[in-house]
Amino acid sequence: MRNRTYGHTTVLLALCAACGALPCVAYAQGVAEPVTVCLSAQAAQPAQTLVVVPSGTVFATQAPGGGHPEHAPPAQALVTTETITLTHMQPCTGADASSVVSHTRHWLGEKIRPRNGLVLYALGEVSGNGVDTDMGDEDASLRGLVHDGALSATINHTVQDPVFLQESDADLPDGGDGVDTSASRAAASDLPSQHALPVQAH
């Protein structure tokens, strides 16, 4: 067990070092957990850095800016199902996660597979049937990292066991945080029953 833990940490540190500037866009087949969560290089620079990322944190791909969004890959999202800690010495760590399905936000993938260049950014936390992007119950430093785009996730192995959200357009922040809600009116309103979010704090 001790050797396995040491090997796991070595793989993560090697992954972060190989990326240079975080977030890392390559995925690690050797990491046991389905996702790797990372701090940006700037956020992890202070020696006293210690960030607790709670279970229930939502990460999503960013909406394409300009160009031809109809040719962009479908938006995807995941939620962490365990609490993790990131530090200056270990700015990346593996985490368990589930996919997130929301017709309103156009997160329709029940499975998220590894893909080079696929990076998801923290945007909030699961609250009730939706996503709380204000994260008012969390520490101000964590909220700052989320709003600055300094917390990201990459996929190591297929993420599944979807959590279904039942948001409406009215639940989204003003302006939708870059989310185009027009298509949601044509989406099916009856979503599958919401999957209970497993919580496993470490």
Side-chain angles (χ1 to χ4, degrees), residues 1 4-19 22-41 43-44 49-62 75-102 107 109-127 131-133 135 137-139 141-163 165 195-202:
M1 182 67 181
R4 180 182 179 278
T5 302
Y6 175 80
H8 177 227
T9 302
T10 301
V11 168
L12 287 171
L13 292 177
L15 173 62
C16 294
C19 294
L22 300 175
C24 181
V25 297
Y27 55 87
Q29 296 290 351
V31 179
E33 291 84 356
V35 304
T36 295
V37 176
C38 289
L39 283 173
S40 68
T49 297
L50 191 154
V51 177
V52 177
V53 183
S55 174
T57 302
V58 176
F59 294 76
T61 53
Q62 293 183 325
Q76 297 177 304
L78 62 83
V79 58
T80 56
T81 56
E82 65 174 322
T83 297
I84 58 173
T85 302
L86 305 174
T87 66
H88 170 73
M89 293 299 295
Q90 189 173 348
C92 295
T93 192
D96 290 323
S98 294
S99 58
V100 178
V101 174
S102 168
W107 300 335
E110 296 188 16
K111 292 184 178 181
I112 307 177
R113 294 179 172 84
R115 188 176 75 244
N116 282 326
L118 177 62
V119 181
L120 299 88
Y121 292 88
L123 60 77
E125 59 187 351
V126 169
S127 177
V131 178
D132 175 14
T133 55
M135 302 182 73
D137 293 333
E138 302 300 338
D139 185 80
S141 60
L142 177 62
R143 296 199 303 269
L145 291 171
V146 171
H147 295 158
D148 291 342
L151 198 59
S152 65
T154 52
I155 310 299
N156 305 319
H157 314 292
T158 299
V159 178
Q160 45 192 352
D161 297 328
V163 173
L165 302 183
H195 191 288
L197 178 65
V199 176
Q200 180 183 358
H202 289 293

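For the numbers below, each heavy atom of this structure counts, side chains included, while hydrogens, waters and symmetry mates do not. What you see is a predicted model, and the numbers here were worked out from it, not measured in a lab.
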Are side-chain heavy atoms of [X] and [Y] found at a separation under 4.5 Å?
{"X": "K111", "Y": "Q76", "result": "no"}
{"X": "S98", "Y": "Q160", "result": "no"}
{"X": "V101", "Y": "W107", "result": "no"}

Just by distance, do the side chain of [X] and the backbone of [Y] share a donor-acceptor pair under 3.5 Å?
{"X": "S152", "Y": "L120", "value": "no"}
{"X": "T83", "Y": "S55", "value": "yes"}
{"X": "H88", "Y": "T49", "value": "no"}
{"X": "T61", "Y": "A77", "value": "no"}
{"X": "D148", "Y": "A150", "value": "no"}
{"X": "T87", "Y": "L50", "value": "no"}

* Which of these passes side-chain contact (heavy atoms from CB on, under 4.5 Å) with F59: V37, V35, V79? -> V37
* **Positive for side-chain contact (heavy atoms from CB on, under 4.5 Å) with L123, one of D132, L151, T57, T133** => T133
[X] to [Y] - nearest heavy-atom pair and separation:
{"X": "A97", "Y": "T81", "result": "N-OG1, 3.6 Å"}
{"X": "R143", "Y": "M135", "result": "CD-O, 2.9 Å"}
{"X": "V159", "Y": "P34", "result": "CG2-CB, 3.9 Å"}
{"X": "S99", "Y": "E110", "result": "OG-O, 2.8 Å"}
{"X": "D96", "Y": "E33", "result": "OD1-CG, 4.1 Å"}
{"X": "L145", "Y": "V51", "result": "CD1-CG2, 3.6 Å"}

* Rounded to the nearest 0.5 Å, how far does CG of L78 lie from CD1 of I112? -> 5.0 Å
* To do: Kindly indicate, with the supporting measurements, whether the criterion side chain to side chain contact (heavy atoms under 4.5 Å, CB included) is fulfilled by R113 and L118.
  => CA-CA 9 Å; R113 294 179 172 84; L118 177 62; over 6 Å; no
* Hey, are N156 and T36 close enough side-chain-wise for a donor-acceptor pair under 3.5 Å? -> yes
* Please report the C-alpha distance between V126 and V58 in whole Å, then the side-chain angles of each, then the deciding distance to 0.1 Å, and finally whether the side chain to side chain contact (heavy atoms under 4.5 Å, CB included) criterion is met. => CA-CA 7 Å; V126 169; V58 176; 3.7 Å; yes
